[in-house]
2 protein chains.
Amino acid sequence: MSDDHDESTLGRIETEVALLMRFGEATRRATGTAEHRVLDRAAYVILRHLADAGPQNVSALAARLNLDGSTVTRQVSALQRDGLITRTPDPSDGRGTVISPTPAGLQRMAAVQAARTRLYGDMLADWSPEDRSTLAALLGRLNQALINRNRPR
Amino acid sequence: MSDDHDESTLGRIETEVALLMRFGEATRRATGTAEHRVLDRAAYVILRHLADAGPQNVSALAARLNLDGSTVTRQVSALQRDGLITRTPDPSDGRGTVISPTPAGLQRMAAVQAARTRLYGDMLADWSPEDRSTLAALLGRLNQALINRNRPR
DNA sequence: ATAAGTACCTGTACGATACAGCTATCTGAG
DNA sequence: CTCAGATAGCTGTATCGTACAGGTACTTAT
């Protein structure tokens, strides 16, 4: 309350994030239903994370993606059905199952990623490189802040 | 491909937006379930829009929020059940129903909005005012770009 | 005055998610 | 070594947000 200007900045951020989520979801719905169809939101993040961080257990994925284990189990089952990941017993823990992306999975993920990147390229066509990288950096910091807040456990 | 640096910036933006949506949803789920409970995502945006743009018809809301009419109908029913909006026959169109926020609805919305804003204030506590307002501005531009892309109809 | 369009509602379906409970396995204390 | 408790993953069930299809009441244009 000391600084009304900053207060309203927070309000704007809140508004814009809410808006972004609405539009992001609408976009995902629209484009997702259209054709790709096979990579729903969670499936995409799962594949991305596997590609990024390597094969890992269901629980590791769940923890990382802030999802319930059962959710990941089902997503992973769907991905396996579609041949995009494989399950192998964890050699170091008989309870565990290691999830690895298949080449097809990686390729599918990369295709979606490329399409999305292209979309952003389109939308941000008239942005300066500085603005783009500033946005990327600030979003990164925002997410970091979110993570820090949600998981000081 | 002319500029590898910029290409990767787009990738980062794509990544961060995806992450933001995941965390945003998780946060909404967590905080929403906690206590307020009554303002799910759509309900919140509906109330916000009503507060912003005044009482209006279901279809106007649906169009504006990029939602199916039936979805808005149900959300509105829930809001009415909770006493947060009222339905009145549209005097100028016997088919229509005008949705107005009740004082309680406005208050609830404002409370959630304030809570969210506070949350952002918390998370961004160590950000400089410049970074905050840059983030707000860039998010605004990003949303504008999204809107422009989704609705050149 | 009647056909076409529109606004809203309802039935139904689906997808993503969570929570609770189950089984198999692991780990540590005795 | 044994067994109690923790953990990994799966399955059953429930909920929520959403869409599409169809119905009814009203409006508009001809």
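Letters A, B, ... are given to chains in the order of the sequence lines, protein chains preceding strands, and every chain is numbered from 1. This is a predicted model, so every value here is computed, not measured.
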Residues within residues 85-92 of chain A bordering DNA chain C, heavy-atom distance below 4.0 Å: none
Partner of A:Leu135 by side chain to side chain contact (heavy atoms under 4.5 Å, CB included), out of A:Leu139, A:Asp131, A:Leu138: A:Leu139
A:Glu16 bridged to B:Arg141 by N-O distance under 4.0 Å: no
5' priority, DNA chain C, between B:Arg95 and B:Val72 [closest heavy atom]: B:Arg95
Hydrophobic cluster identity match, B:Ile99 and B:Leu106, side-chain contacts under 4.5 Å: no
Would you tabulate the nitrogen or oxygen pairs shorter than 3.5 Å linking the protein to nucleotides 20-24 of chain D?
unit_1	atom_1	unit_2	atom_2	d
D:dC20	N4	B:Ser70	OG	2.7

Considering all heavy atoms, the nearest A:Asn57-A:Thr97 contact: OD1-O, 3.0 Å
B:Arg87-B:Ser100 side chain donor-acceptor pair, cut-off 3.5 Å: no
B:Arg108 to B:Tyr44, cation-pi by 6.0 Å centre distance and 45° axis angle: no
Rounded interatomic separation in angstrom, taking CG from B:Asn66 and P from D:dG17: 17 Å
Sugar-phosphate, base or nothing in reach of B:Gly69, heavy atoms under 4.0 Å: nothing
Shortest non-hydrogen separation from A:Met109 to A:Ala51 and the atoms involved: CE-CB, 3.5 Å
Side-chain N,O (A:Gln75) to OP1/OP2 (C:dT17) below 4.0 Å: yes
Whole angstrom value for the distance that separates P of C:dG5 from CG of B:Asp93: 17 Å
5′-ward residue of the pair B:Gly94/A:Gly96 relative to DNA chain D: A:Gly96
Sequence-distant partners of A:Arg118, salt bridge (charged side-chain N to carboxylate O under 4.0 Å, His left out), two or more places apart: none
B:Leu61 CG - D:dG17 P separation (whole Å): 16 Å
